[in-house]
Novice: 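Attaching a single structure in structure tokens format; questions to follow.
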Amino acid sequence: MTGPTAPVTQDVLTMPRREADGPRNLIGLTRDGLRDALLSVGVPERQAKMRTGQVWQWLYHWGVRDFDAMTNLSKAFRATLRDNFVIALPEVVTRQVGADGTRKYLVRIAGGHEVEVVYIPETDRGTLCVSSQVGCTLTCSFCHTGTQKLVRNLSAAEIVGQVMLARDDLGEWPEPGTGTGEGGPRLLSNIVLMGMGEPLYNFENVRDAMNVVMDGEGIALGRRRITLSTSGVVPEIARTAREIGCLLAVSFHATTDDVRDVLVPINRRWNIETLLDALRTYPKVSNSERITFEYVMLDGVNDSDADAHRLVSLLDGIPAKVNLIPFNEWPGAPYRRSSNNRIRAFATILMQAGYASPIRTPRGEDIMAACGQLKSATERARKSRARIAAEVEASR
Ligand code: SAH
Ligand code: SF4
């Protein structure tokens, strides 16, 4: 089911939100969910708030994985927890460290599927690029993930778990009882939902996971330290503002519907004008909360001076910054990266119009960790490259 007339999405919304049966995983439950879980194993109503707070703190503040280590809980209660619940994270299959310090984890989740998580250290921050789905139902023609056929939504546990396993690897949990870890700069200070998948096609799980991560008594990352990137799932944009409140990035990538229809096929459902309307009314929009427009630079496709000028007019009235992403080529990709001169000329036009337009330096290229290259090795290149190239050619 590919090609211009194929549906641009498949129904992932009907996928189960939780893993199969077995002892219930406490990771990924919202505070209310955790409270309900504790009530269900006999915690009295009057103690529920306190017990929830205690368990929450062990899980997300100290990063403890063993009920027996939860020393402020009675032995009997710890035994009840052990009998009924697990504290389970996805399993790290491989860990690669690039020459620039970028770390890439290949992570196995229930069912044997694999997703990738990338940690990018920078001077003023450390950003974790988190995946929200195995593969992606959308088929953006320049994106490696989009060529992967198999798709399933990650559970909230699997999303929170990515943050927790990165903190494990970075050694970032405070020693129980020794302080809150708020003292110094954090190694993992920011999250971008820019790994595999379209986060807004897995809205509830992404929302719950981010609310766990933002909770002040746990991992406590502020909502301005989280950026959700969407290809433009318009109906979920307002909900993102209301129910998550994080920063928003949008994979814009083209300045005419004709070109965007090919690059980001969801544009056939919600076109540029509809998308911009949704962004304009994104309730959080303000000078301090600019929307990031991601724009991948593809040689001869979307990188002309005329494109830059059109982009400037489209952005009119929206507090925005533009991230220019030099295309990360992957084997068989039907596009080439624009030249550095072209990217700079494009950036200059945007800057002269008053838009910050940093050119994103690809990170972790030696370990295939850069944007849009994420894809599990086992599922690589299921859709034939020739076919993608032919589709692109046909729609030019
Ligand atoms: N599905 C979401 C988030 C994941 S993709 C979305 O599309 O926004 C994160 C960013 O990487 C998006 O802007 C995406 O368009 C971009 N990207 C995908 N493939 C790329 C590639 N090969 N080179 C550069 N950027 C790419
Ligand atoms: Fe999916 Fe985003 Fe890749 Fe498009 S760019 S195929 S929405 S992951």
Side-chain angles (χ1 to χ4, degrees), residues 2 8-10 12 115-118 120 127-151 153-154 159 191-203 206 226-234 236-237 240 246-254 260-270 275 279 291-299 301-303 321-338 343 359-365 368-376 379 382-383 385 388 391-392:
T2 52
V8 291
T9 63
Q10 72 189 44
V12 291
V115 289
E116 288 172 338
V117 191
V118 178
I120 307 151
T127 304
L128 192 71
C129 181
V130 168
S131 291
S132 56
Q133 298 183 311
V134 180
C136 184
T137 49
L138 302 172
T139 51
C140 302
S141 50
F142 57 92
C143 173
H144 208 196
T145 306
T147 65
Q148 184 170 323
K149 251 193 181 160
L150 183 73
V151 181
N153 278 337
L154 299 192
I159 300 170
I191 291 179
V192 291
L193 282 149
M194 293 188 189
M196 294 167 68
E198 169 49 58
L200 296 189
Y201 273 142
N202 186 14
F203 184 84
V206 166
I226 298 175
T227 303
L228 183 150
S229 172
T230 180
S231 58
V233 185
V234 164
E236 304 289 8
I237 287 179
T240 305
C246 59
L247 302 184
L248 190 68
V250 59
S251 293
F252 208 63
H253 303 323
R260 196 163 190 270
D261 279 351
V262 176
L263 297 181
V264 189
I266 201 175
N267 195 69
R268 297 183 217 146
R269 188 177 282 187
W270 295 292
L275 174 60
L279 298 176
I291 291 175
T292 302
F293 284 73
E294 296 161 279
Y295 199 96
V296 63
M297 297 300 289
L298 303 170
D299 185 29
V301 176
N302 62 357
D303 62 350
K321 97 177 202 207
V322 182
N323 259 357
L324 297 176
I325 317 174
F327 175 53
N328 291 309
E329 295 181 11
W330 35 275
Y335 301 106
R336 293 279 153 263
R337 179 184 291 187
S338 310
I343 300 178
I359 301 169
R360 211 181 302 151
T361 336
R363 299 289 305 266
E365 280 193 296
M368 286 280 283
C371 258
Q373 293 186 335
L374 302 187
K375 176 171 165 85
S376 66
E379 290 292 331
R382 285 287 172 79
K383 181 168 168 182
R385 277 136 196 173
I388 300 170
E391 282 169 22
V392 169

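Positions are given from 1 along the sequence. In each ligand, atom 1 is the first atom listed, and ligand 1 is the first ligand listed.
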Novice: Give the atom numbers and elements of ligand 1 that come within less than 4.0 Å of a heavy atom of W330.
Specialist: 22 (N)

Novice: Report yes or no: does H253 have a heavy atom closer than 4.0 Å to ligand 1?
Specialist: yes

Novice: Has D299 got a side-chain atom pairing as donor or acceptor with R336's backbone, closer than 3.5 angstrom?
Specialist: no

Novice: Rounded to the nearest 0.5 Å, how far does CG of N153 lie from CZ of F203?
Specialist: 13.0 Å

Novice: Around atom 1 (Fe) of ligand 2, how many protein N, O or S atoms are closer than 2.8 Å?
Specialist: 1

Novice: Taking the side chain as C-beta and beyond, is there a heavy-atom pair between N328 and F142 under 4.5 Å?
Specialist: no

Novice: Applying side-chain hydrogen bond (donor to acceptor under 3.5 Å, both in side chains), name anything that partners D303, two or more places apart in sequence or on another chain.
Specialist: S338

Novice: Between T230 and E198, is there a side-chain donor-acceptor contact under 3.5 Å, judged purely by atom types and distance?
Specialist: yes

Novice: Side chain or backbone of V296 under 4.0 Å from ligand 1, or both, or neither, by non-hydrogen atoms?
Specialist: side chain

Novice: Within a distance under 4.0 Å of any heavy atom of C143, pick out the atoms of ligand 1 and give their elements.
Specialist: 18 (C), 19 (N)

Novice: Does the protein put any heavy atom within less than 4.0 Å of atom 2 (Fe) of ligand 2?
Specialist: no

Novice: Considering only heavy atoms from C-beta outward, does the side chain of I359 approach that of M297 to under 4.5 Å?
Specialist: no

Novice: Between the side chain of S141 and the main-chain N/O of V262, is any donor-acceptor distance below 3.5 Å?
Specialist: yes

Novice: Are side-chain heavy atoms of Y201 and C136 found at a separation under 4.5 Å?
Specialist: no

Novice: Which ligand 1 atoms are under 4.0 Å away from a heavy-atom of F327?
Specialist: 21 (C), 22 (N), 23 (N)

Novice: Need the ligand 1 atom indices (1-based, order shown) with element for anything under 4.0 Å from a heavy-atom of F142.
Specialist: 15 (O), 17 (N), 18 (C), 19 (N), 20 (C), 21 (C), 22 (N), 26 (C)

Novice: Answer yes or no for G197: is there a heavy-atom contact with ligand 1 below 4.0 Å?
Specialist: yes

Novice: Considering G232, C129, G195, P326 one by one, which has a heavy atom nearer to atom 4 (C) of ligand 1 than any of the others?
Specialist: G195

Novice: Taking distance alone, with no angle check, do I325 and ligand 1 share an N/O pair under 3.5 Å?
Specialist: no

Novice: Looking at every heavy atom in both F252 and V264, which two are closest together, and how far apart are they?
Specialist: O-CG2, 4.2 Å

Novice: What atoms in ligand 1 come closer than 4.0 Å to a heavy atom of T230?
Specialist: 6 (C), 8 (O)

Novice: Are any of the N/O atoms in E294 less than 3.5 Å from those in ligand 1?
Specialist: yes

Novice: Are the side chain of Q133 and the backbone of V151 linked by a donor-acceptor contact shorter than 3.5 Å?
Specialist: no

Novice: Identify, by atom number and element, the atoms of ligand 1 in contact range of S251, meaning under 4.0 Å from any of its heavy atoms.
Specialist: 6 (C), 7 (O), 8 (O), 12 (C), 13 (O), 14 (C), 15 (O)

Novice: Between S132 and V206, which heavy-atom pair has the shortest distance, and what is it?
Specialist: CB-CG2, 3.9 Å

Novice: Quick check: do F293 and L279 have side-chain heavy atoms less than 4.5 Å from each other?
Specialist: yes

